[in-house]
Amino acid sequence: GNSVTQMEGPVTLSEEAFLTINCTYTATGYPSLFWYVQYPGEGLQLLLKATKADDKGSNKGFEATYRKETTSFHLEKGSVQVSDSAVYFCALRRYKLSFGAGTTVTVRA
Amino acid sequence: DSGVTQTPKHLITATGQRVTLRCSPRSGDLSVYWYQQSLDQGLQFLIQYYNGEERAKGNILERFSAQQFPDLHSELNLSSLELGDSALYFCASSPGTANTEAFFGQGTRLTVV
């Protein structure tokens with residue numbers, strides 16, 4: 001079946017550091033890919049999405065590119081802020097919506 | 001604000017009891033999903049409804065049941081509660097069953113004591 005694997009955390013960074021969270025997927029057909037973010041005490045919010053190969057999703061300085069050849073959708077941000085501290089979930093949708101385990105990111109001032 | 005409303009926000013109940021969680025999807029969304037989030041198991045898919053019909057079932061216990069009503073709101077019923085059922089329960093909605101994103105509510109935090 002369809003599944004998502006993302007790098008385990010927790011990840012701790014200093015402010016202005018570069019962030020990468022790896023995500024790979026297994027799916028039949030052509031799924032859509034998403035990154036969701038969950039801030040402390042809140043629900044999941046859609047951060048960005050890509051619906052076909054080579055699409056780049058971007059939002060709030062975060063980017064991820066849908067790579068079909070490597071079945072990957074890695075999340076990157078060039079300069080993180082304390083306010084980016086959250087749990088990040090990679091997700092895939094091929095009819096059913098499947099999530100990775102989540103990566104906890106903590107950014108220190 | 002995602003447009004998905006969940007009530008109540010917090011619920012504390014005793015073992016063996018039954019509770020009902022409610023979800024109102026975004027206006028126009030026909031699909032509703034339920035997820036359970038616990039500290040050690042991440043986000044677990046429970047069940048999906050589309051326009052009143054069950055569409056997909058995940059790791060939902062037999063003690064749990066759900067339904068989607070004609071006005072498209074959904075309820076998740078949890079019975080014979082155990083301590084291990086303590087978790088955050090999220091509802092999400094999307095327009096249909098195609099590969100679009102889903103929008104999440106703020107969740108209901110259930111504590112079983």
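Chain identifiers are assigned alphabetically (A, B, ...) following the order of the sequence lines, protein sequences preceding nucleic acid strands; residue numbering begins at 1 within each chain. Predicted, not measured: the structure shown is a model, and the values here were computed from it. Computed from heavy atoms alone, side chains included, the values below leave out hydrogens, waters and symmetry copies.
Here CZ of Phe45(B) is found 5.5 Å from NZ of Lys96(A). Values are rounded to the nearest 0.5 Å. Atom CD of residue Glu101(B) and atom CG of residue Leu33(A) lie 12.5 Å apart, to the nearest 0.5 angstrom.
Heavy atoms closer than 4.5 Å to chain A are found in the side chain of Gln37(B), but not in its backbone. Only the side chain of Gln38(A) comes within contact range of chain B, with at least one heavy atom under 4.5 Å from a heavy atom of that chain. Heavy atoms of Leu97(A) lying under 4.5 Å from chain B belong to its backbone as well as its side chain. The part of Tyr36(A) that comes within reach of chain B is its side chain, from C-beta onward, which places non-hydrogen atoms under 4.5 angstrom from that chain.
The hydrophobic clustering, which links ILVMFWY residues whose side-chain heavy atoms are closer than 4.5 Å, places Leu76(B) and Tyr35(B) apart. Cluster membership for Leu110(B) and Leu21(B), using ILVMFWY side-chain heavy atoms within less than 4.5 angstrom, is shared. In the hydrophobic clustering of this structure, Val87(A) does not group with Val37(A); members are Ile, Leu, Val, Met, Phe, Trp, Tyr whose side-chain heavy atoms approach within less than 4.5 Å, directly or through other members. Under a hydrophobic clustering in which Ile, Leu, Val, Met, Phe, Trp and Tyr are joined whenever their side-chain heavy atoms come within less than 4.5 Å, directly or via other members, Leu46(B) and Val112(B) fall into the same cluster. Grouping the Ile, Leu, Val, Met, Phe, Trp and Tyr side chains by contacts below 4.5 angstrom, directly or via other members, places Phe103(B) apart from Leu48(A).
When each of Gly58(B), Ala102(B), Ser2(B), Ala92(B) is scored by its heavy-atom pairs under 4.5 Å with chain A, the top score falls to Ala102(B).
Closest of all the heavy-atom pairs between Leu44(A) and Phe104(B) is O-CB, 3.4 Å. Gly43(A) approaches Gln106(B) most closely through the heavy-atom pair N-OE1, 3.8 Å.
Residues satisfying the side-chain contact (heavy atoms from CB on, under 4.5 Å) criterion with Glu8(A), sequence neighbours excluded, are absent altogether. Residues satisfying the side-chain contact (heavy atoms from CB on, under 4.5 Å) test with Ala27(A), not counting sequence neighbours, are Asn2(A), Tyr25(A), Pro31(A), Leu92(A). Checked against salt bridge (charged side-chain N to carboxylate O under 4.0 Å, His left out), Arg67(A) has no partners two or more places apart in sequence or in another chain.
Atom CD of Glu62(B) sits in a sparse spot, with 12 or fewer heavy atoms from other residues, nucleotides or ligands closer than 6.0 Å. The environment of OH in Tyr39(A) is crowded: more than 12 heavy-atom neighbours from other residues, nucleotides or ligands sit within 6.0 Å. Residue-environment remark: NZ (Lys52(A)) stays at or below the threshold of 12 foreign heavy atoms within 6.0 Å.
Ring centroids of Phe89(A) and Phe90(B) are separated by 6.0 Å or more, keeping the two rings apart.
For residues 10-18 of chain B, heavy-atom neighbours of chain A at less than 4.5 Å comprise no residues at all.
In this structure the side chain of Thr100(B) never reaches within 4.5 angstrom of the side chain of Thr51(A), judged on heavy atoms.
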